[in-house]
> 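Sharing a structure below in structure tokens format, with a few things to ask.
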Amino acid sequence: MNPSSLTRLDDFTWRIEPSGRMRVPGVLYANEALVGAMDDKVREQLVNVASLPGIVQAAYVMPDAHWGYGFPIGGVAAFDADRGGVVSAGGVGFDISCGVRCLHTGLKRDDLPSLQSRLADELYRHIPAGVGSRGRIHLDEAGMEAMLAGGAEWAVAPGWGRPADLERIEERGRMTDPRPEAVSDKAKRRQRDEMGTLGSGNHYLEVQEVETLHDRATAEAFGLAEGDVVVFIHCGSRGLGHQVGTEFLRAMTLAAPEHGLELPDRELACAPIRSELGQTYLGAMRAAINCALANRQILTQLTREVFAELCPSADLRLLFDVSHNTCKVEEHVIDGQPRRLYVHRKGATRAFGPGHPDLPDAYREVGQPVLIGGSMGTASHVLAGNRQAGIQAFASACHGAGRAMSRRRALKSWQGRQLIDELRGRGILVRSPSSKGVAEEAPGAYKDVDAVVDAAEAAGLARRVAWLLPRVCIKG
DNA sequence: ATGTCC
């Protein structure tokens, strides 16, 4: 995208002025190089989102944005139901409530040399990873309903975790107002054996070291110190979320004419919030959020089992769990007036600032932990939400490095085995069922996560707290 | 992202 085609507000904020069908401007948070590297498709998609009914303030993209199905990945848009606002399945994405959680381990850098290779082998053996992986839980109809209604709470009750974990999860581990009955039988069938599995694509479980602290006071509130060993888990709602997304995209596309919606792009499927279909989607999506929260909760407990076996002194406590593919009802102050908005974040992380009532007590003074997963073999970041001077993407930040290259092109450019050897040479142990998957996820196929996070911080979206480097990566 | 095409 040519930066000179945008209005430059400052070095990290760019605007597409409203024209044609746009109801609000488009705003990009990125430096000039990141804007320049973005596909023109991102601009086109941002313009389309800005044209949807009931959109409030602006359509936003984060510095890691790239083009996606309908909405850009790295996009944020909020809609007002009172003003004809819509909910969009494409604005959430296929992997509903895909997200990241970070666990303390109680271990330090010096504990790793004797453990690293056994951790890699045992985590890989114990945690189902890859396309179509199945777990040790098999849900019957009643179990499925309870899981979709209960989220991480459902998982913790029989022992997949600790009650204290729930305080450290967005929505306290359970999305309210789910409608399990709005999830199709087919979606439920796909999920029957997939709880507690990592999946494939960009999903992973990593053991990492805290390399550098940027904000000592906030790091202390988060319980992070230099040299700490932590675990990052990145995954979502597996087959169920994908099936829900697929079915509602189709239904919303078909129903657009009867809702009086003229879609700027066929892929931009949406429905009025105040419609039967809009409400059914919201209920099904919230159930899928609970599926993702339960899934990450079970994976947490599986990780604890491995650490308990290899290193009984380890104590895996949850730092936080964030989702980056959601639509949530939140109150935001617009022109001095509080309004209830349906905030879509697709490849974007919620980043509530200090004092927000929804934050756990331990983090209320410093702001929400914002967990940014890098690409395989590169850094991850912990950030914190800022107190908002105004409305900046409705308290949102980036979610990761963001792809810079298609999977197809990555496959032509790298070989999985060779990447794994190279990473081993740099002290990073990768275990994966698919060397093709590893090639698709080559670090070089992603943007520079450090540059993305620098831009997010400079744009005022969140502030850097800690920089982490991987030592073990279980790759789906 | 995804039983990588019902």
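The sequence lines fix the lettering, A, B, ..., with proteins before strands; numbering per chain opens at 1.
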> Find the distance Phe248(A):CZ to dT2(B):P and express it as a whole number of Å.
19 Å

> With heavy-atom distances below 4.5 Å as the criterion, would you say the side chains of His324(A) and Met62(A) are in contact?
no

> Does either side chain, that of His356(A) or that of Gln368(A), offer a donor lying less than 3.5 Å from an acceptor on the other one?
no

> Using a heavy-atom cut-off of 4.0 Å across all strands, would you classify Gly93(A) as base, sugar-phosphate, or nothing?
nothing

> Starting from the 5' end of DNA chain B, give me the residue, Arg403(A) or Lys436(A), whose nearest nucleotide shows up first.
Arg403(A)

> Specify whether Phe394(A) and Tyr60(A) have parallel, tilted or perpendicular ring planes, treating 30° as the upper limit for parallel and 60° as the lower limit for perpendicular.
perpendicular

> Let me know the distance between NZ of Lys186(A) and P of dC5(B), rounded to the nearest Å.
13 Å

> Calculate the interatomic distance between Arg189(A) atom CZ and dT2(B) atom C1'; express it in whole Å.
16 Å

> For Arg407(A) and dT4(B), give me the distance from atom CZ to atom C1', rounded to whole Å.
9 Å

> Does one side chain, of Glu247(A) or Gln243(A), offer a donor that lies under 3.5 Å from an acceptor on the other?
yes

> Calculate the interatomic distance between Gln243(A) atom CD and dC5(B) atom C1'; express it in whole Å.
13 Å

> Base, sugar-phosphate, or nothing: which does Glu194(A) touch, judged by heavy atoms less than 4.0 Å apart?
sugar-phosphate

> Calculate the interatomic distance between Gln191(A) atom CD and dT2(B) atom P; express it in whole Å.
10 Å

> Does a side-chain N or O from Arg238(A) land closer than 4.0 Å to OP1 or OP2 of dT2(B), or not?
yes

> Can you check whether Ser200(A) has a side-chain N or O nearer than 4.0 Å to OP1 or OP2 of dT2(B)?
yes

> What is the distance, rounded to the nearest whole Å, between atom NE2 of His242(A) and atom C1' of dC6(B)?
14 Å

> What integer distance in Å separates Leu249(A):CG from dT2(B):P?
16 Å

